Number of protein chains: 2
Amino acid sequence: MTTVAPVPSSRDLPHPAREEIRLEGVLHALSDPVRLRIVRELAAEGIELSCSHFDLPVTKSTTTHHFRVLRENGVIRQAYEGTAKMNGLRRDDLDELFPGLLDRLLTAAARQAARHGEG
Amino acid sequence: MTTVAPVPSSRDLPHPAREEIRLEGVLHALSDPVRLRIVRELAAEGIELSCSHFDLPVTKSTTTHHFRVLRENGVIRQAYEGTAKMNGLRRDDLDELFPGLLDRLLTAAARQAARHGEG
DNA sequence: CGACTCGTACGATAAGCATCGTAGTACGGG
DNA sequence: CCCGTACTACGATGCTTATCGTACGAGTCG
C-alpha cells in the first residue's frame, strides 16, 4: 500500500488552512485585474484548469506570480498533475468563511465587465 | 437669505463619479486593515463621522492618507463642515453598482472579527 | 536517451504604498 | 486679533509588488 490512489505528483504546494484565510488577503488578491480575471474564468468553468489554459496579457513568470498570490491568500487550490498544474477555486472554504461573498464578488465583476468594454 | 442651508464650506474634494468607481479599486481600498476598520465603523454608526472620531493605531497624517484612498476609490464621501471633515459611506452608489456586495463584505468582516480577537 | 512542454527560481527594476514627522492652512471662539 | 483645533502638504523612508528575462527542474512522449 505505498502510493495507491491519485498520486498528485511528488512536490506539493503550501496552502493556508481554512481558518488562516484572511478577508483582507482575499480582497487584496482580487484587487488586481489579472487575478480577478483568473478567478472569474475559474468560476465560469467550474472545474480545475491548468495554468496554461489562460491567455493572459503578461509573461509566464508573471502568471506564476499571480497564481501564487491567489494560492497564498486562500483563493485557489493548486496541485501538480504530471507536467500541468491544476487550479481550482476554494469555493467550499470561502463560502464557509464568508457566506455569499464570493458570488457577490463574481456578480459585481460580471456587471462591471458588461458595463465597460468586454461584455 | 445668503447662505441658507448646509454650506459645506468653501473647498471641496475630488470624488469619482459613480460610473467611474472600479471594483478593483474598492477591493484594494478595503484590503487594508485600517481602512476596513474605518468602513466597518462608518457602516455601524450609519451616519457621517468626522475623521477625529476614529481612534486608529496610526498617526494623523497616515489617517488622512487612508481616508483619501477610501474617497478616491469611491468608498466614502468626504466634505468639510467647518473645521471638521465629515465622512460617509457611499452606500447608494455602491449598492447601485454592485448590489449586495457591501453588505456581504461587512458581514464577512464582522464574522472574521468575531472569530479572531476583537469579538 | 533526447527533445519538448509546463511551470519555477532568481535577479533586476521600477513603481506603489504605508508610515512617520514637521510645518503649514482653514475655521471657529474668546 | 490671537489661539486652539482639525486636517493637509511635503518630504523621507523602507517595504511590498508587478513586471520582465533568462536559466533551470520535472514530466511526457518519441
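As the structure is a prediction and not an experimental result, all values here were calculated from the model. The chains referred to below are lettered A, B, ... by the order of the sequence lines, with proteins before strands, and numbering in each begins at 1. Below, each value reflects all heavy atoms present in this structure, side chains not excepted, and no hydrogens, waters or symmetry copies.
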Problem set entry | d(CD, Q78(A); C1', dC6(C)) in whole Å | 13 Å

Problem set entry | Which residues share a ring-ring contact (aromatic ring centres under 6.0 Å, His included) with F54(B), sequence neighbours left out | F67(B)

For this session: Indicate yes or no: does R104(A) engage D103(B) in a salt bridge with an N to O separation below 4.0 Å.
Result: no

Exercise. Has the side chain of Q112(B) got a donor or acceptor atom that lies under 3.5 Å from a matching backbone atom of A109(B)?
Worked result: no

Problem set entry | Between dG16(C) (P) and E24(B) (CD): distance, integer Å | 16 Å

Exercise. Can you give one letter per nucleotide of nucleotides 16-23 of chain D, 5' to 3': B if a protein heavy atom sits under 4.0 Å from the base, S if only from the sugar-phosphate, - if neither?
Worked result: -SSBBB--

Problem set entry | Nearest-nucleotide pick for C51(B), side chain only, options being dA6(D), dC7(D), dG7(C) | dC7(D)

For this session: Measure from the side-chain N and O atoms of H53(B) to the backbone N and O of L49(B), and report whether any donor-acceptor pair falls under 3.5 Å.
Result: no

Exercise. Tell me: CZ of F54(B) to C1' of dA6(D), nearest whole Å?
Worked result: 15 Å

Exercise. Is a salt bridge present between D92(B) and R77(B), judged by a nitrogen-to-oxygen distance below 4.0 Å?
Worked result: yes

Problem set entry | Value in whole Å for how far the P atom of dC6(C) lies from CG of D55(A) | 13 Å

For this session: Could you tell me the separation between the CG atom of N87(A) and the P atom of dG7(C), rounded to a whole number of Å?
Result: 8 Å

Exercise. Are OP1 or OP2 of dT5(C) and a side-chain N or O of S52(A) less than 4.0 angstrom apart?
Worked result: no

Exercise. Once you round it to whole Å, what is the distance between P of dG7(C) and CD1 of I38(A)?
Worked result: 12 Å

Seminar exercise, completed: Y80(A) atom OH is separated from dC6(C) atom C1', nearest whole Å, by 9 Å

Problem set entry | Atom-to-atom span, NE2 of H53(A) to C1' of dG7(C) - whole angstrom | 17 Å

Problem set entry | Pairwise side-chain contact, L97(B) with R111(A), heavy-atom cut-off 4.5 Å (strictly under) | no

